[in-house]
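Each remark here refers to the structure printed beneath this line.
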Amino acid sequence: MSAFKTNAQGGAGMTRLLAQLPRDKADTLLLLVAALMVLSPHAGHLPLWVSALCGLTLLWRAMATLRGTRMPSALVLLPLSMAAMAGVFMSYKTLFGRDAGVAMLVLLVAFKMLEMHARRDLFVVIFLSFFLVLTNFFYSQSIFTALMMVASIIALLTAQLSFQFTGAVPPLGRRLWMGARVFLLAAPLAVLLFFVFPRIQGPLWGMPSDAQGARMGLSNSMAPGNMSNLAQSDDPVFQVRFLDPPPSKAQLYWRGVVLGEFDGRTWTRARRPPRRVADEISVSVRGPAIHYQLTLEPSSNNWLFALDLPDRLPVLEDNAAQVSNELELSASSALDKRVRYDMSSHIDYSLDATPELAERARWLDLPAGFNPRALLAGANIGQAQPDPEQRVRTVLSMFTSQPFSYTLQPPLLGRDSVDDFLFKTRAGFCEHYASAFVVLMRAAGVPARVVMGYQGGEFNPIDGFLSVRQSEAHAWAEVWIAGRGWLRVDPTAAVAPERVQRGLSSALPQNPPAFAGLGGLLGLSGERSALLEQLRFRLDAVNNGWNQWVLNYTPERQSGFLDSLKLGLAHWRNLAVLAAIGALLLLWRAVRLRRGTDPVDALYSALCRKMSQLGMARAADEGPNAYAARLAQGSLAPDKTAAIKRFLALYSAHKYSARPPAPGLASTLKSLLNNI
């Protein structure tokens, strides 16, 4: 308790110390704080030396301000600036582009702090900082970044207003409120421009090569360890809003990449060109389709995800969707910006349910000289079980009956990765089980392939969206059975059924007992009633709403909004109602202003304005009698001085006398004002 009081007293003492600083020093420190708010978010993506140099520069300027020492001369700043530019070139190998340009601008703002000698320099720093606010959105357009930049703008406006006062300066809290009011006055215009100003195509930064911080996500290949590394990332991949009742979590398989070629360790895609239509694919569906809307986050890949099995191609803006023979959906170019598309899928379907499989040899091919024990085991299963479906059940029962384990940290595997996994380590992630299962199936004479995508997702009870993250990355298998077609088989579900039914966290080891008491509070126990989990849901809902309605306000959505607005305003009745409402509002405002304005006060304000133009402005705390005494000592003509004295005497009597106002006072004051 005493320590708390000591800290509180120390904070109050620091506040009093800052309040006692001279005005120029206090204003400079306020500007340094505002600039620091703008510069600090760049520390996450700039080289460490740039952030350190900016921090030392701002500290140098703060110490010089507090001590009252002289600023460094140009002989010091010029070599320092040239060395910093050389450092930028060495770090980025160029002086052009987004990253190099932002680094130079950050250094420019920091160095400009050391040469603020005139009033003009102060505003140069402020305006450069305003421009630097925009550059923060090159790297992050989240709602947290937007709120941080709003606070930075208010701080900059407060610093700018502080330099404008010529007399008494209001307290800092009042100046902050003034800066916030300026921002709030401009906010409606900004919102209007957001909705109606023509949207530009492409990313915020005009150089596509470095416009988005690319996230790889799923790749075109799968090797042991790839998926387990990806599953440790909590980055969002896409959000789904179901328009129909959603399926159970165990049925949420989001189809991505199909892998059919195996070199003994790594699975890769089949090298065949995709198509724009899927008419040649044999698909039969049962039951109604599930309709949903999917919002895909930016990525350096071009994969489009859909609930297994999609029944149509998504319609993209400025991009063409295509489908492969294996029903993989993709875009023609990389998805470097957020996209949203409507989809429908059937979870009960038959794919290539024909008596014979075209290109059967492709789906049975295995490389020679790799994994001999797995090949022998698969061949023995094929000889012992003539029924292909029984072969599938035999392999799955092997996973359940033998001591296989599910882990994010599997042991390293050698050249024969499948043999090492099946007969030595017996510990792995989904890619280990999918790969081993497909190898055994092919060795047993059953066509099989690997499918990569995402499984599951987390429903947010606040906004009803399903969020799928990189941690839901999953690999499963498909086997072909004559007359039934390609069937999904998830060997991971045989070892860790919790992974499919409840999610990844349920299939992995839980928190140690020492933390069990904190689990419910911190949301680590997985219960939805945990306080922090509910808070996380709300934050996710806010962030998802920001993504859906602000960041995803594309030119096409703007065009649709404006078209609907035009249709709504085109009807003459709507126009008449709007015109009548506008006229009534203007009339009400005019009547209110007329009633609220005293003509005597208006004449007094006119006199004060006239005297201010003559260099004799009234002080804020100066009454009419004191003002009249001071004006009488001025250099005005005697007749004007007499008129002013008479005017202010009548006004003072009107404002402060208990007697009713004299008749015709306004006309008398107006006549006196005309003679001044």
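Scope of the values below: all heavy atoms of this structure, side chains included, with no hydrogens, waters or symmetry mates. Throughout, numbering of the chain's residues begins at 1 and tracks the sequence.
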Which side-chain N or O atoms in residues 152-159 pair as donor and acceptor under 3.5 Å with protein atoms at least two apart or in another chain?
{"residue": "S152", "atom": "OG", "partner": "M148", "partner atom": "O", "Å": "3.0"}
{"residue": "T158", "atom": "OG1", "partner": "I154", "partner atom": "O", "Å": "2.7"}

In residues 36-44, what donor-acceptor pairs under 3.5 Å come from side-chain atoms, sequence neighbours left out?
{"residue": "S40", "atom": "OG", "partner": "L36", "partner atom": "O", "Å": "3.0"}
{"residue": "H42", "atom": "ND1", "partner": "H45", "partner atom": "NE2", "Å": "3.0"}
{"residue": "H42", "atom": "NE2", "partner": "T135", "partner atom": "OG1", "Å": "3.1"}
{"residue": "H42", "atom": "NE2", "partner": "N136", "partner atom": "OD1", "Å": "3.3"}

Return all side-chain donor-acceptor pairs below 3.5 angstrom for residues 173-181, not counting sequence neighbours, or 'none' if the list is empty.
{"residue": "R175", "atom": "NE", "partner": "P170", "partner atom": "O", "Å": "3.0"}
{"residue": "R175", "atom": "NH1", "partner": "S162", "partner atom": "OG", "Å": "2.9"}

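Residue R265 comes nearest to G414 through the heavy atom pair NH1-O, 3.0 Å, listed as atom of the first residue, atom of the second, then distance. In plain terms, the two heavy atoms of S467 and E472 that are nearest each other are O-OE1, 4.4 Å. Heavy-atom minimum distance, F429 versus A473: CE2-O, 4.4 Å. Shortest non-hydrogen contact noted between D121 and K112 is OD1-NZ, 3.4 Å. Looking at every heavy atom in both residues, F111 comes nearest to S81 through CD1-OG, 3.6 Å. Pairing each heavy atom of A321 with each of P314, the nearest pair is CB-O, 3.3 Å.
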What's the verdict on side chain to side chain contact (heavy atoms under 4.5 Å, CB included) for L105 and L128, showing C-alpha distance, side-chain angles and the deciding distance? CA-CA 8 Å; L105 184 59; L128 284 175; 4.1 Å; yes
Applying side chain to side chain contact (heavy atoms under 4.5 Å, CB included), run through N220 and T268 and close with a yes or a no. CA-CA 6 Å; N220 295 340; T268 56; over 6 Å; no
Apply side chain to side chain contact (heavy atoms under 4.5 Å, CB included) to L466 and W254, showing your working. CA-CA 12 Å; L466 176 78; W254 304 96; 3.5 Å; yes
Using side chain to side chain contact (heavy atoms under 4.5 Å, CB included), reason through R338 and T295 one step at a time and then give a plain yes or no. CA-CA 7 Å; R338 187 176 287 102; T295 304; 3.7 Å; yes
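A 4.5 Å side-chain heavy-atom check between V106 and L132 finds at least one atom pair inside the cut-off. Looking only at side-chain heavy atoms (C-beta outward), E431 and W267 stay at 4.5 Å or farther from each other. Annotation: side chain of F130 is in contact with side chain of Q160 (closest heavy-atom distance under 4.5 Å). Residues M222 and T266 fail the side-chain proximity criterion, which asks for heavy atoms closer than 4.5 Å. Two residues are said to be in side-chain contact when any heavy atoms from C-beta on lie closer than 4.5 Å; L95 and M104 meet this criterion. Here the side chains of M113 and L58 are in contact, with some heavy-atom distance below 4.5 Å. Side chains of R630 and E622 form a contact here, defined as non-hydrogen atoms less than 4.5 Å apart.
The CZ atom of R618 sits 5.0 Å away from the SG atom of C608 when rounded to the nearest 0.5 Å. Atoms CG and CG, on L294 and L296 in that order, are 6.5 Å from each other to the nearest 0.5 Å. Separation of atoms CE (M452) and OG (S221) is listed at 6.5 Å; rounding is to 0.5 Å. Separation of atoms CG (L316) and CZ (R340) is listed at 13.0 Å; rounding is to 0.5 Å. Note that OG of S129 is 13.0 Å distant from CG of L134, once rounded to the nearest 0.5 Å. With rounding to the nearest 0.5 angstrom, the CD atom of E297 is 11.5 Å from the CG atom of L335.
W303 places no side-chain N or O within 3.5 Å of a backbone atom of E328 that could act as its donor or acceptor partner. With hydrogens and angles ignored, the 3.5 Å screen pairs a side-chain donor or acceptor of N302 with a backbone N or O of A331. Without hydrogens or angle criteria, Q164 side chain to L161 main chain gives no donor-acceptor distance under 3.5 Å. Formation of a donor-acceptor pair under 3.5 Å by the N460 side chain with backbone atoms of I462 is found in this model. Panel note: side chain S332, backbone A320; a donor-acceptor pair is recorded below 3.5 Å.
Taking the six-membered ring where tryptophan is involved, the planes of F238 and F305 are essentially parallel, since the angle between them stays under 30° and well short of 60°.
Between D235 and R469 no salt bridge is recorded (no basic side-chain N to carboxylate O distance below 4.0 Å).
Residues satisfying the salt bridge (charged side-chain N to carboxylate O under 4.0 Å, His left out) criterion with R241, sequence neighbours excluded, are absent altogether. T145 meets the side chain to side chain donor-acceptor pair (under 3.5 Å) test with S140, S142; sequence neighbours excluded.
Each side chain to side chain donor-acceptor pair (under 3.5 Å) pair with one or both residues in residues 49-62, not counting sequence neighbours, appears once here: W49-S91.
Counting only N and O atoms by type, the side chains of Y341 and N319 include no donor and acceptor under 3.5 Å apart.
F131 CZ: 12 or fewer foreign heavy atoms inside a 6.0 Å radius. Other residues, nucleotides and ligands contribute at most 12 non-hydrogen atoms within 6.0 Å of the CG atom of L412.
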